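What you see is a predicted model; the values in this text were computed from it and never measured. Note that ligands are numbered from 1 as they come in the structure, with each ligand's atoms numbered from 1 the same way. Numbering of residues begins at 1 and proceeds along the displayed sequence.
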Amino acid sequence: MSESLAVNNLNVSILSNKDAASNSLNQTIDMAPPFQIQVAPHIEALQPYKPGRPPTELMQELGIDRLVNLASNENSFAPPLTVQQAIADATMNLNRYPDAGGLLLKTKLADMYDLKPENVCLGAGSESILGSIIRAFLHEDEEILTSQGTFIGLYVLVSAKGAKLNTVPLNDYSFDLDAILKAVNARTKIIYLCNPNNPSGTIFTRDQFEKFIAKVPQNILVIVDEAYHEFAESTPDFPSTVGYKLPNVLTLRTFSKAYAMAGIRVGYGFGHENVISYINRVKLPFEPNILAQAAGLAALDDTVFPEITQENNRQGIQYLTSAFSDLGLKFVPSHANFILIEMGSEAAAQDLTEKLLYKGIAIRHLKAFGLETCVRVTIGIPEENTKLVDALKMILAV
Ligand SMILES: Cc1ncc(COP(=O)(O)O)c(C=O)c1O
């Protein structure tokens with residue numbers, strides 16, 4: 001489940017009851033004989049996706065003309081103009097299948113890190129690559145080991161596979177690499193790390209990573225999800241893991257965040273050529289699509305846009321954390337484009353999320369992440385951040 005789908009779920013749970021009967025997707029069809037096709041128990045146990053209201057309908061219901069979406073860690077800027085132009089140009093070729101190997105984009109990414117195209121994989125978002133990794137590497141009875149309170153998309157992909165997830169608690173909202181090492185057992189096949197971590201925004205340092213990776217058995221694949229790395233690269237001890245070139249480490253990255261391209265779906269990964277080759281055997285052949293590949297190529301030529309995004313993020317974090325402190329809110333210092341706020345109780349977290357939504361601001365209650373007392377707000381552009389602070393002042397003053 002993507003983050004925005006989860007937000008839609010929230011909208012539905014708050015707003016959809018009275019209209020449920022009119023939602024054609026909620027209607028079932030009476031058929032005889034009865035439906036008899038069965039699925040595996042782990043698929044049966046998955047929660048079906050509840051479609052949310054389109055933003056326009058939601059805004060009508062709330063009586064607002066604009067919804068400020070700070071719930072999904074998206075970039076509030078429109079994508080670079082060069083990317084928009086590249087997509088427009090590539091529409092001329094939509095009658096053709098994309099280059100299944102994505103060679104131009106792989107080569108460009110490989111050149112940036114002195115690697116070969118064989119060390120690069122592509123997908124329709126990094127979440128799709130994560131799905132391919134799970135399909136390719138996890139045998140029956142093998143486990144994936146990670147932390148509680150990390151990227152929800154991983155938990156969903158693992159459940160969909162029916163695989164066993166082994167988790168250790170976060171330590172002060174951070175990945176506890178020592179606890180992860182202690183939890184390694186004979187069934188551990190994959191370790192998933194997220195740096196900076198979504199949803200807490202914390203990082204583990206270069207020193208912590210190096211000590212950790214030296215002790216991980218070589219037959220375990222370590223995924224380092226660096227979806228938000230652009231926001232942390234200026235932190236001196238942030239371990240940019242592509243540089244290590246280790247055979248059992250796969251680094252995942254995306255154009256969705258710093259490049260503002262979440263809607264086109266293009267992500268990438270760097271790793272040993274054998275790891276990449278196994279991923280390529282199970283991935284859908286023609287992802288990313290032809291527009292996404294063109295967009296990725298254009299984005300890499302644009303060095304200014306990510307810098308503008310990073311500067312907006314730095315200023316946004318400064319402004320919001322100072323306002324949160326003034327309001328007496330407890331938050332976790334962030335190295336990403338979002339901030340986790342500890343509300344003290346599930347009721348307070350839920351209440352704040354709902355009250356902000358009714359003021360036209362969507363944030364994320366982190367119950368589904370296992371952090372039921374917390375919410376997460378994405379850093380927006382200045383006018384969005386100001387709107388959030390003004391709304392918080394009104395809500396918390398009551
Ligand atoms: C940690 C993390 N990894 C991966 C993703 C998915 O990124 P993509 O849009 O490339 O699938 C997200 C999206 O929010 C994320 O937070």
Side-chain angles (χ1 to χ4, degrees), residues 1-9 69-76 79 83 102 105 109 120-134 144 146-158 160 170 173-175 190-204 222-232 238 241 250-270 279 283-284 287-289 291-293 295-296 299-300 306 309 313 334-340 362-364 366 368-371 376-379:
M1 186 203 297
S2 78
E3 297 257 316
S4 29
L5 300 191
V7 174
N8 285 339
N9 281 348
N69 190 349
L70 303 179
S72 303
N73 299 346
E74 294 157 342
N75 192 325
S76 286
V83 168
L105 184 52
L109 285 163
V120 185
C121 60
L122 303 175
S126 56
E127 196 166 349
S128 176
I129 303 174
L130 202 48
S132 296
I133 295 167
I134 290 169
I144 181 156
T146 187
S147 180
Q148 291 160 21
T150 189
F151 179 45
I152 195 168
L154 173 82
Y155 304 143
V156 175
L157 288 168
V158 174
L170 286 172
Y173 303 99
S174 300
F175 258 76
I190 297 175
I191 296 177
Y192 172 87
L193 308 177
C194 188
N195 205 36
N197 184 40
N198 176 15
S200 59
T202 53
I203 59 164
F204 50 81
V222 178
I223 301 169
V224 188
D225 187 337
E226 295 183 358
Y228 302 94
H229 81 101
E230 289 96 341
F231 303 102
F238 176 75
T241 54
L250 183 87
T251 306
L252 284 181
R253 294 190 173 174
T254 181
F255 288 98
S256 296
K257 310 294 177 181
Y259 287 97
M261 286 161 51
I264 197 95
R265 311 304 301 128
V266 54
Y268 53 100
F270 297 104
I279 293 170
K283 82 181 263 290
L284 291 177
E287 65 170 78
N289 68 55
L291 304 183
Q293 290 190 31
L300 292 177
T309 290
N313 201 61
S334 174
H335 296 270
N337 69 342
F338 51 84
I339 304 172
L340 179 145
I363 64 162
R364 187 76 201 273
L366 296 175
F369 285 70
L371 298 167
R376 188 194 64 201
V377 298
T378 304
I379 312 301

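Heavy atoms of Gly267 come nearer than 4.0 angstrom to ligand 1 in no pair at all. Between Asn73 and ligand 1 there is no heavy-atom distance shorter than 4.0 Å.
In terms of polar-atom proximity, Thr254 is counted as a contact of ligand 1, with an N or O under 3.5 Å from an N or O of the ligand. By the 3.5 Å distance cut-off applied to N or O atoms, Ser128 is not counted among the residues near ligand 1.
Each of the following atoms of ligand 1 lies closer than 4.0 Å to a heavy atom of Ala227: 2 (C), 3 (N). For ligand 1, the atoms closer than 4.0 angstrom to any heavy atom of Gly125 are 8 (P), 10 (O), 11 (O). Atoms of ligand 1 found under 4.0 Å from any heavy atom of Arg265 (numbered from 1 in listed order, with element): 8 (P), 9 (O), 11 (O). Counting the atoms of ligand 1 from 1 in the order shown, those under 4.0 Å from a heavy atom of Ser256 are 8 (P), 9 (O), 10 (O). Applying the 4.0 Å criterion to heavy atoms of Lys257 picks out, from ligand 1, the atoms 13 (C), 14 (O). Interface atoms of ligand 1 facing Cys194, defined by a heavy-atom separation under 4.0 Å, are 1 (C).
Side chains of Asn289 and Arg265: a donor-acceptor N/O pair is absent below 3.5 angstrom, by distance only. Using modelled atom types, one finds a donor on one side chain and an acceptor on the other under 3.5 Å when comparing Asn73 with Arg376. Neither side chain, Thr309 nor Glu230, offers a donor N or O lying under 3.5 Å from an acceptor on the other. Judged purely by distance below 3.5 Å, without hydrogens or angles, the side chains of Glu74 and Thr378 never pair a donor atom with an acceptor atom. Side chains of Tyr192 and Asp225: a donor on one and an acceptor on the other come within 3.5 Å.
By the criterion of a heavy-atom distance under 4.0 Å, the side chain of Asn198, and not its backbone, is placed next to ligand 1. Under 4.0 Å from ligand 1, the heavy atoms of Tyr228 that appear belong solely to its side chain. With a 4.0 Å cut-off on non-hydrogen atoms, Ser126 touches ligand 1 through its backbone as well as its side chain.
Nearest heavy-atom pair across His335 and Pro196 is O-CG, 3.5 Å. Taking all atoms of both residues into account, the shortest heavy-atom contact from Phe369 to Phe151 is CE2-CA, 4.3 Å.
The residue from Ile223, Val158, Ile129 that alone fulfils the side-chain contact (heavy atoms from CB on, under 4.5 Å) condition with Ile134 is Val158.
Stacking of Arg253 on the aromatic ring of Tyr268 is not recorded, the 6.0 Å distance cut-off and the 45° axial limit not both being met.
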